[in-house]
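Worksheet: one structure, shown below.
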Number of protein chains: 2
Amino acid sequence: MDKQAVTIYDVARQAEVSMATVSRVVNGNPNVKPSTRKKVLGIIEKLDYRPNAVARGLASKKTTTVGVIIPDISNAFFSSLALGVDDIATMYKYNIGLANSDGNTQKELTVFNTLLAKQMDGIIFMGRRITEKIREGFSRTYIPIVLAGTIDPTGEIPSVNIDYRLASKDAVSLLVSHGNEKIAFVSSPLINPINKQRLKGYEDIFLENDHLSYSEGLIFEVNYSFEKGKELAKRVKNAGVTACYITDDELAIGLMDGLLDLGVAIPEEIEIITSNNSVLTEFARPRISSITQPLYDLGAVSMRLLTKLMNKEEVGERNVILPYSIEEKGSTKRII
Amino acid sequence: MDKQAVTIYDVARQAEVSMATVSRVVNGNPNVKPSTRKKVLGIIEKLDYRPNAVARGLASKKTTTVGVIIPDISNAFFSSLALGVDDIATMYKYNIGLANSDGNTQKELTVFNTLLAKQMDGIIFMGRRITEKIREGFSRTYIPIVLAGTIDPTGEIPSVNIDYRLASKDAVSLLVSHGNEKIAFVSSPLINPINKQRLKGYEDIFLENDHLSYSEGLIFEVNYSFEKGKELAKRVKNAGVTACYITDDELAIGLMDGLLDLGVAIPEEIEIITSNNSVLTEFARPRISSITQPLYDLGAVSMRLLTKLMNKEEVGERNVILPYSIEEKGSTKRII
DNA sequence: TTGAAAGCGCTAACAT
DNA sequence: ATGTTAGCGCTTTCAA
């Protein structure tokens with residue numbers, strides 16, 4: 001049936017050597033006489049033989065495939081990480097087993113289990129938060145797991161992130177330096193530990209600036225999405241804020257969109273700064289000032305870390321923190 | 001080493017049945033006495049046994065995973081398709097083996113081959129065009145392949161698309177109905193068969209409208225990307241066009257961005273309509289009018305088609321055409 | 001440098 | 001309804 005019915009045995013027979021020898025040349029084992037190697041290679045070419053990775057996986061207990069669990073592949077933030085993961089995976093000859101979790105706790109667990117069943121050599125996990133269930137799932141296996149752009153409050157699981165708290169503090173600082181006194185903190189669900197960190201960064205500002213007063217009324221918590229941001233515009237406007245720090249780009253674009261629809265001038269009347277600097281911030285008008293996270297690198301470094309873990313190499317810091325910066329664009333005032 | 005060292009044999013022994021019986025209950029084979037089934041299930045639970053999918057794959061010659069080849073996972077167009085693919089794959093109990101091809105012909109072939117080596121049950125291919133090399137690769141295997149949002153000019157390979165020619169004709173028609181006479185066709189590389197179709201749609205307009213004259217100077221061909229679109233703005237403006245049809249959303253946003261920077265009023269001075277209606281068109285200001293392609297469905301239907309092919313079910317049309325529509329937003333004039 | 005042979009964990013006839 | 005027994009295609013000792 002399968003056109004690819006050529007097995008290692010066929011090659012061995014035609015090359016008049018044993019399977020073991022064929023296996024050796026395929027795997028680059030040096031203990032093969034050059035002349036035999038050449039002969040085997042010739043037959044491989046002639047027969048168009050390609051090793052069956054499944055059989056290989058069964059025999060060697062390695063699949064050279066890593067699972068990637070992702071809340072939403074169509075989200076610019078996560079897909080940028082995924083690109084970084086894929087590139088490094090390819091570089092190290094790994095394939096990707098992709099699983100969308102919809103950010104659904106139950107589904108995260110399900111896909112994690114099927115990924116385990118498929119014998120992934122390691123797992124990159126992206127999620128909004130680490131639930132007890134998934135943590136328990138993680139603890140039932142020895143295969144390495146790395147969190148990418150995802151915080152485990154306990155710090156037990158290797159991860160790659162930026163310092164969200166410091167970054168949001170810096171972002172809000174910028175707004176403060178522009179003279180803003182009523183600054184909104186617009187956040188996707190605070191149950192997400194990253195958002196908790198960001199809120200702390202926001203609160204840090206009030207500790208250092210006596211003339212500012214913290215108010216519950218300045219905290220807005222909604223769901224992730226363009227639409228939710230848009231719906232929020234009226235409330236934010238009515239709160240009388242002159243600036244907003246926002247935890248998600250889509251949310252930020254939605255909010256800005258809503259504000260513009262309400263006739264609010266940006267940045268003149270309300271300044272906006274967001275968190276992820278995804279391409280979306282470039283596409284909006286005005287362009288949205290943002291914390292710049294190294295999205296691609298977040299994914300790439302996670303995958304690199306995972307390769308080390310899979311190879312049982314020595315790794316220094318298992319909770320990697322990457323640098324960030326603040327990029328001022330059109331949605332904040334340009335102070336001269 | 002592995003915490004998951006439990007095999008079907010362990011379960012069989014403890015449940016005091018044969019491996020075959022365990023296999024039967026795991027696979028839902030009805031030929032098992034309820035009481036034994038219950039006993040086996042109990043042991044499975046107790047031992048936390050999870051079937052090894054690799055061994056299964058080797059024995060059954062089915063991996064229940066499908067390969068997805070994608071030019072750029074971080075591109076909104078493709079990642080939306082990918083989401084549709086993933087959802088339907090999950091629904092049919094398939095996993096996804098993802099491979100980014102960078103739109104690179106050579107890499108497409110490489111990843112295709114590794115996907116084959118990993119014994120994917122089927123492949124979803126997204127690309128800008130089908131090269132002879134990849135076609136040859138396809139022809140060397142019997143596993144089903146479906147093109148998603150990708151045209152094979154020969155129509156040999158099963159595919160799911162919209163009627164790009166008709167869609168672009170409709171889009172340009174709208175511009176004509178608004179009184180525009182100099183309408184630009186701004187395209188990513190025309191070597192892409194989809195763009196060729198679109199150009200034909202654009203040309204169809206001139207056949208039906210005698211007062212319009214086709215001119216080479218109205219055709220702009222650049223690379224995919226926001227930046228390229230932006231760079232193009234001056235040339236487009238200088239060409240004196242009053243409207244543009246654009247083949248890619250990022251390109252459209254870039255072009256619009258560039259035009260706005262040049263002080264061009266949109267849609268008053270130049271109307272813009274694009275092709276993919278990705279979320280980006282919502283994020284831009286003004287929002288960009290667009291052909292609406294059912295992105296998610298393009299992926300979902302492709303995957304559904306692939307499941308039929310993998311099951312050797314009867315399929316009516318192997319080259320599926322999905323409906324599209326035109327959505328007028330802020331970048332085209334609203335005629336009352 | 002090469003070969004023989006024993007699995008890897010499971011499925012799928014074939015028997016019973 | 002259940003068990004026996006070959007493999008699936010490869011890696012990997014262990015010998016030679």
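No experiment lies behind these values; they were computed from the predicted model shown.
- Heavy-atom distances to DNA chain C give each of Ala20(A) and Pro34(A) a nearest nucleotide, and the one nearer the 5′ end belongs to Pro34(A).
- The side chain of Lys33(B) has dA1(D) as its nearest neighbour among dC10(C), dA1(D), dT2(C).
- A salt bridge is absent between Lys133(A) and Glu108(A); no separation between the charged side-chain nitrogens and carboxylate oxygens falls under 4.0 Å.
- We find that Asp102(B) and Lys107(B) are joined by a salt bridge, their nearest charged nitrogen and carboxylate oxygen being less than 4.0 Å apart.
- Going from atom CZ of Arg37(A) over to atom P of dT1(C) covers 9 Å, rounded to whole Å.
- Contacts of Val17(B) with the nucleic acid, taken as non-hydrogen atoms under 4.0 Å apart, involve only primed sugar atoms and P, OP1 or OP2.
- A side-chain donor-acceptor contact under 3.5 Å links Arg50(A) and Asn113(B).
- Map Leu58(B) and Val26(A) each onto its nearest nucleotide of DNA chain D; the residue landing nearer the 5' end is Leu58(B).
- OP1 or OP2 of dG9(D) lies within a sub-4.0 Å distance of a side-chain N or O belonging to Lys61(B).
- A close approach under 4.0 Å does occur between a side-chain nitrogen or oxygen of Tyr49(A) and OP1 or OP2 of dC10(D).
- When the P atom of dT1(C) is taken as reference, atom CG of Asn27(A) falls 16 Å away, rounded to whole Å.
- Residues Glu136(B) and Ser139(B) come closest through the heavy atom pair O-OG, 2.7 Å.
- Going from atom CE of Met19(A) over to atom P of dG9(D) covers 10 Å, rounded to whole Å.
- Between Ser23(B) and dT11(C), a side-chain N or O to OP1/OP2 separation shorter than 4.0 Å is present.
- Taking side-chain N and O atoms only, Ser18(A) has a distance below 4.0 Å to OP1 or OP2 of dG3(C).
- Using a 4.0 Å heavy-atom criterion, one finds that Thr21(B) contacts the sugar-phosphate atoms exclusively.
- Which of dG7(C), dC8(D), dC10(C) sits closest to the side chain of Ala59(A) comes down to dG7(C).
- Atom OH in Tyr9(A) sits roughly 12 Å away from atom P in dA5(C) (whole-Å rounding).
- Between dG9(C), dT2(D), dT2(C), one nucleotide has an atom nearer to the side chain of Val32(A) than all others, and that is dT2(C).
- Judged by distance alone with a 3.5 Å cut-off, a donor-acceptor contact links the side chain of Arg24(B) to the base of dG3(D).
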Residue pair Glu156(B), Arg135(B): steps toward the salt bridge (Lys or Arg N to Asp or Glu O under 4.0 Å) verdict: CA-CA 10 Å; Glu156(B) 287 166 9; Arg135(B) 178 194 302 289; 3.5 Å; yes
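- In this model, the phosphate group of dG9(D) is not approached by any side-chain N or O of Arg56(A) to a distance below 4.0 Å at OP1 or OP2.
- The ring-ring contact (aromatic ring centres under 6.0 Å, His included) contacts involving residues 82-108 of chain B comprise nothing, where partners must be two or more places apart or lie in separate chains.
- In this structure, Leu47(B) atom CG and dG9(C) atom C1' are separated by 15 Å, rounded to whole Å.
- Between the P atom of dA13(C) and the CG atom of Asn29(B) lies a distance of 12 Å, rounded to the nearest Å.
- The phosphate of dT2(D) has OP1 or OP2 within less than 4.0 Å of a side-chain N or O from Thr36(B).
- Nucleotide dG3(D) holds its C1' atom 17 Å from the CZ atom of Arg13(B), rounded to whole Å.
- In this model, the phosphate group of dC8(D) is not approached by any side-chain N or O of Asn52(A) to a distance below 4.0 Å at OP1 or OP2.
- In this structure, CD1 of Ile8(A) is placed 14 Å from C1' of dA5(C), rounded to the nearest angstrom.
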